[in-house]
Each structure stands twice: as C-alpha cells, then as structure tokens.
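All heavy atoms count here, side chains included; hydrogens, waters and symmetry mates do not.
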Amino acid sequence: MSDEAYTQWRVCIRDERGSAVGGGVVLGDRHVLTCAHVVTAAVGGPSAAVPVDFVARPGLAPQRARVVRDGWFPPLADESGDLALLELAEPVPHGTGRLLRRVSLGARHQVRVCGFPGEAPTGLWVRAWMEGECGPGEEWIQLTATGGGPQVQEGFSGTPVFHDASGSVVGVVVTRPARADSTVSYIVPVETILSYLPRTRDWVSGDSGVDGSFRALADASRADQAMVDRLTRFFGHGAAGGVMILVAEPGSPTLDTLRDVVARSSRERRPVDSRPSGHDSSARPDPLLGSIDLALDVSGKTAAEVSGRISTWMNTGGAPTERLMDSLAGRPPPMNVVLDGIDAAAEPHQLVDEVVGPLTAQAAEQDRRLLLTFRDSASPSLYRAALRLLAARIDQVRDAEREARERHEFVAARVAPVPEPALRSPSLRLRLTALRAAADRPGKTPLLPALESCQRDADRALDDALRVRHRLDESLDARDRLRDRLDGYRARCIDHGLTEDTDLAEIYGQARELLWSGQCDLSRGAELLDSYATLIRARLSDRTNGSARR
C-alpha cells in the first residue's frame, strides 16, 4: 500500500465553528473511529451529529456522523475507555478494507501521526516510537516523538497511528502530553479498541496474540486459586525471565484456569466484566492485563506453522524468517509466551527442537518468560523439553561455578576470610545422564517428579554460585573501601601537620602493610582504621584545647 493510499483515510473532527478539535480514521466506507473526548469537545456529547472533514481526500465534501449504538465509551476518572465509533450520513467511495492491524506491543515500532494543533490547523505530521505498555490498567502504549522534530500536542487526540513498516493503523492517539514541551504521549492500540468496540473486528488484520481457545471462565470462582497465584507470580510485572513447564490434562481445572488467566491478560479477549465501561467505573482490569504477549494453542500444528506464527508476530510489516532462531537473533524485544498442548502438536519432537529450543535459549538473560504446557505427564516430548532445559541449566551452573572458583583464587590471595565456592555441577551432570537413560526406557513411574527435583537443585546450585561470586566481589570492594579510608585519614594528617607523630605513623604503617601486602584480614583492617581515626581526632582535640588554654 502506497503512502498516499493508507494516509488518505485520516479525517479531522471539527466543532460547530469549524475549528479542528482532533482527528479520526475512516473504517470501511461509513464508520469513523476517534476518541470520545474529541466528540465531546466538538458537539458536547454523543447525541449530536459530529462534523467530519476528509482532509486527506479533498474531493470529498465534509459530512456529519453520529455515534453508533454500543459505540460510546467516554473516559472514566482514570482516563480509561475514551473511544467512540461514528457512522457517516453517507458512505464514502472505495472503502478502507482491513486498515487496522494488531502488532507486537513489546516491540519498539516506528510510527507516524498527523494531528491538528493550533499552530497547524490543516495538519502536522509527527514521527514517533511505540515504547511499551502504560496508562490506566495498561490499556495504552507510550508514544515518544523522535528528537528534533515536531511533537504530539493538543489537537492530536483521535488521530490514527500509522505503522511505518506495514502502512497499517495500529491505534489512535488518546491524549496530549502533560507538558507543552513533553515528547511523550499515548495511544490506544488495536487490541484495546477491539475490547471496547468488537464490531471494529471487520477492519482488523494480523493474528491475535492470544488464540481463541483461551477463554475466560464464566464463573471465575471455579478457577484453581493456587494456580492463579503461581501464574501471576511467573508472569507478573517485574518478574525475572525464565521457563515454566505445566501439565494440564484436557478438562482439568488446571487447563481451565490457565486459559482463564491467559484470556484475562489479553486486552482483546478479557471478559467484559473485567474492564471499565461507560456505565460502571467500579470494574477494574486484571493485574495481569498485557503481561502475556503471545499465547498459542499448538495442538495439531507443525513446527513450521508455529515458528512462522511467532516470526510473523515479531516482524510486523517485514518478511518472516525461515527459522525462528533467525528472528530471535540480535536484540529481540522482551516477551512472555505461552505454548499450550505441545505434546498434542503434529510434530511434538520437532516443535521442541525448532521452537522451544530457540525460545528458551537465554530466556532469563533476554527477559523472556515462557510457559510450556503438556497434556500428559509421561509424554516423550515433555521429557525431551524438560531434559533440554535441565541440560542448559546445568551448563549455566558449570560456567557459574568455574567463574566463582577463578574469582575465589584471585580474591582469596588478597582478602580473608572469603567464602569457598561449592562444586555441584559434576553430580548434577551424573543425575542428568541417569535421567536421560530413564527417558529412553520409559516405565510406569512418571519421570517428571525426578526431573523437577533435579531442576530445583540445579536452580539452587546456580543461585549459590552467583551468590558466592557476589560475596567475593563484595569482599574485594570492602578492602578497597578500607584503602580509600586510610588514604583519606593520611591526607588529614598531612593537612594538619601530624606526619611526625610516631604513634600515628606506627598505626598507619600497620594498616598500610595489611591492606596493600598479601592477604588482608578485613576485620583487623577495620579495627586499625578505627584506631587511626580515633587517635587523629584525639591529637586534633589536644591541639585545640592547648591553643584555648594559651
């Protein structure tokens, strides 16, 4: 789609005097999407006809439009909602088609918007970046204008946000910056728009980030609260990256709860009673809203299909790569992913190797959280995935312990006492070998508990190795701080002419020998520094008192 083609659907909303109050975007051939507060600014509320000017299509005469039934969501006290869908008096020629598009909201997309500020009532273009979720209940996305150019300001509300890579509209601007010189504003993304205005689905392209099999429970009290708490901790804002494996049998409370939590995390699929409305400001969004970026039901899917779906989601407007690991190369955005029903996929083993493997590699380092669910606790693909994760964790333990031992060798020669690193990776490796052999000879006893036990031990071993490394660094830092203190006290002695004091010189010599030669006992060093400081204060006090007596 050419630049002219996709931007021609932007419109200007005017008040009765003809002044621009905001913008909107044509959907299909008869509807206009904008913000509710723009309608209020134009005509006072949803009952009056709104003047719409087709500024990008000068051949079209201005029209009036009215708010459609179920198309009015005025902003609540926290500014959530604020959407309106209007219907034009007459259809326009050549409808838009699927102009709106879902995009991965964790990525930093470059976009353009054209608003109608007082300084440019005929239109002003601004380039910006989508930065991440924010706003009331995480409904919005922060928009930051690129440096050096025009800024989003009053008059931009309701204007469409054009995605540079795809040419589609990925949301509408919802508010102007709090300060006139601010470069920050906000948009309502397509997913949030769909939550409030489901009828806009006819004009939306791009796969939903959450598959349709994830549905909220009709009765939320049926959810397994322990599982809800576990998933909330795992996916909650600020949680560390990592991987969780879950067995959820068909029809089980675990599976029902998982699907309920995922649906409630989705801006688009959350149930009506979990979001604010124009009539009930008491309903609040779930705390996990927006926390799961991609939730796929992989049952019956091939590895290539799942890989392509993820790559397409990550590369909106670009060509998906053939291999998922290529899409993940470089600096992919942080993301939280659910792959549900891996052992029910068309190619479970290939899915583990070609999709789960690349996604789980460096999950913690790249702030990626992955939930992998299986239907059967004895499925070979579950063992394959669990063994792969365990092997990767043991490799991390081995590397962390090696680094801790190398650091210990360096620090122990300089500071005492210091903690001794443990060596657990060899025994963990032996357990991994035994577990692999057991997986090759499946019996009646499920292997998953033994795998989980070894995984917990490996996690603890890694934490211990990292903790020891940190303590070693702290010990060396503590010695360096003692050195700095000694230099400071010595400078004070020089400033006050105390360098010839034999008692001070003796303590200084002992402290310097301890801190700069060989192994430093930190406790003894601190004691010498305290004695040195005390004696300096005493000498200065004696000198002051002597001067006073004279």
Side-chain angles (χ1 to χ4, degrees), residues 230 233-236 238-246 325 328 331-332 334-336 352 356-372 383-439 447-482 518-523 525-526:
R230 184 182 178 191
R233 287 193 300 271
F234 183 70
F235 284 118
V243 185
M244 178 192 297
I245 289 180
L246 187 65
M325 63 179 61
L328 294 169
R331 299 189 63 180
M335 56 182 176
N336 296 341
V352 169
V356 173
L359 282 175
T360 55
Q362 297 184 312
E365 295 82 354
Q366 295 184 355
D367 194 19
R368 189 180 306 142
R369 281 167 281 183
L370 303 166
L371 174 61
L372 312 175
Y383 295 159
R384 191 181 188 91
L387 286 167
R388 186 177 192 130
L389 291 171
L390 180 57
R393 179 62 92 193
I394 292 174
D395 286 344
Q396 289 180 299
V397 174
R398 176 202 61 205
D399 294 343
E401 289 182 343
R402 182 184 66 247
E403 292 173 3
R405 291 196 304 274
E406 291 172 353
R407 192 61 172 166
H408 178 269
E409 183 179 353
F410 178 85
V411 175
R414 292 161 176 79
V415 178
V418 292
E420 185 82 22
L423 188 60
R424 298 191 178 94
S425 55
S427 62
L428 289 169
R429 184 67 61 182
L430 289 174
R431 290 172 66 183
L432 174 62
T433 301
L435 289 168
R436 282 173 169 161
L447 191 58
L448 186 58
L451 280 163
E452 291 175 337
S453 175
C454 192
Q455 183 76 46
R456 287 192 295 271
D457 289 344
D459 291 343
R460 283 192 288 268
L462 179 61
D463 288 343
D464 289 346
L466 296 175
R467 189 179 302 110
V468 167
R469 169 64 189 268
H470 180 67
R471 289 176 59 193
L472 290 167
D473 289 341
E474 283 186 329
S475 297
L476 206 59
D477 289 343
R479 184 208 61 180
D480 292 342
R481 287 194 296 272
L482 290 176
Q519 199 176 52
C520 169
D521 184 316
L522 294 177
S523 298

Is any side-chain heavy atom of R230 less than 4.5 Å from a side-chain heavy atom of L246? yes

Can we say R456 and D459 salt-bridge, meaning some charged N sits less than 4.0 Å from an Asp/Glu carboxylate O? no

The reported gap from CZ in R393 to CG in D457 (rounded to nearest 0.5 angstrom) is 12.5 Å

I'd like to know whether R467 forms a salt bridge (charged side-chain N to carboxylate O under 4.0 Å, His left out) with D464, so could you lay out the CA-CA distance, the side-chain angles of the two residues, the decisive distance to 0.1 Å, and finally the verdict. CA-CA 5 Å; R467 189 179 302 110; D464 289 346; 2.7 Å; yes

Do D395 and R429 make a side-chain contact, defined as non-hydrogen atoms from C-beta onward lying under 4.5 Å apart? yes

From the options D477, V415, V411, select the one residue that forms a side chain to side chain contact (heavy atoms under 4.5 Å, CB included) with L472. V411

If every non-hydrogen atom of H408 is compared with every non-hydrogen atom of P419, which pair is closest and at what distance? CD2-O, 3.0 Å

State the CZ-CG distance between R431 and L451, to the nearest 0.5 angstrom. 10.0 Å

Note: L522 and L482 closest approach over all heavy atoms is O-CD1, 3.9 Å

Can you give me the closest heavy-atom contact between A386 and Q455, atom names plus distance? O-OE1, 4.5 Å

Test side chain to side chain donor-acceptor pair (under 3.5 Å), reference S425, set R402, Q396, E401, R398, output is E401

Any heavy-atom pair between the side chains of R407 and V418 that's under 4.5 Å? no

Closer than 4.0 angstrom, basic N to acidic O: yes or no for D473 and R469? yes

Who passes side-chain contact (heavy atoms from CB on, under 4.5 Å) against A413, sequence neighbours left out? none

Grab the two heavy atoms, one from L371 and one from F235, that are nearest each other, plus how far apart they are. CB-CZ, 3.7 Å

For L466 and A400, the nearest pair of non-hydrogen atoms, with its separation, is CD2-CB, 4.2 Å

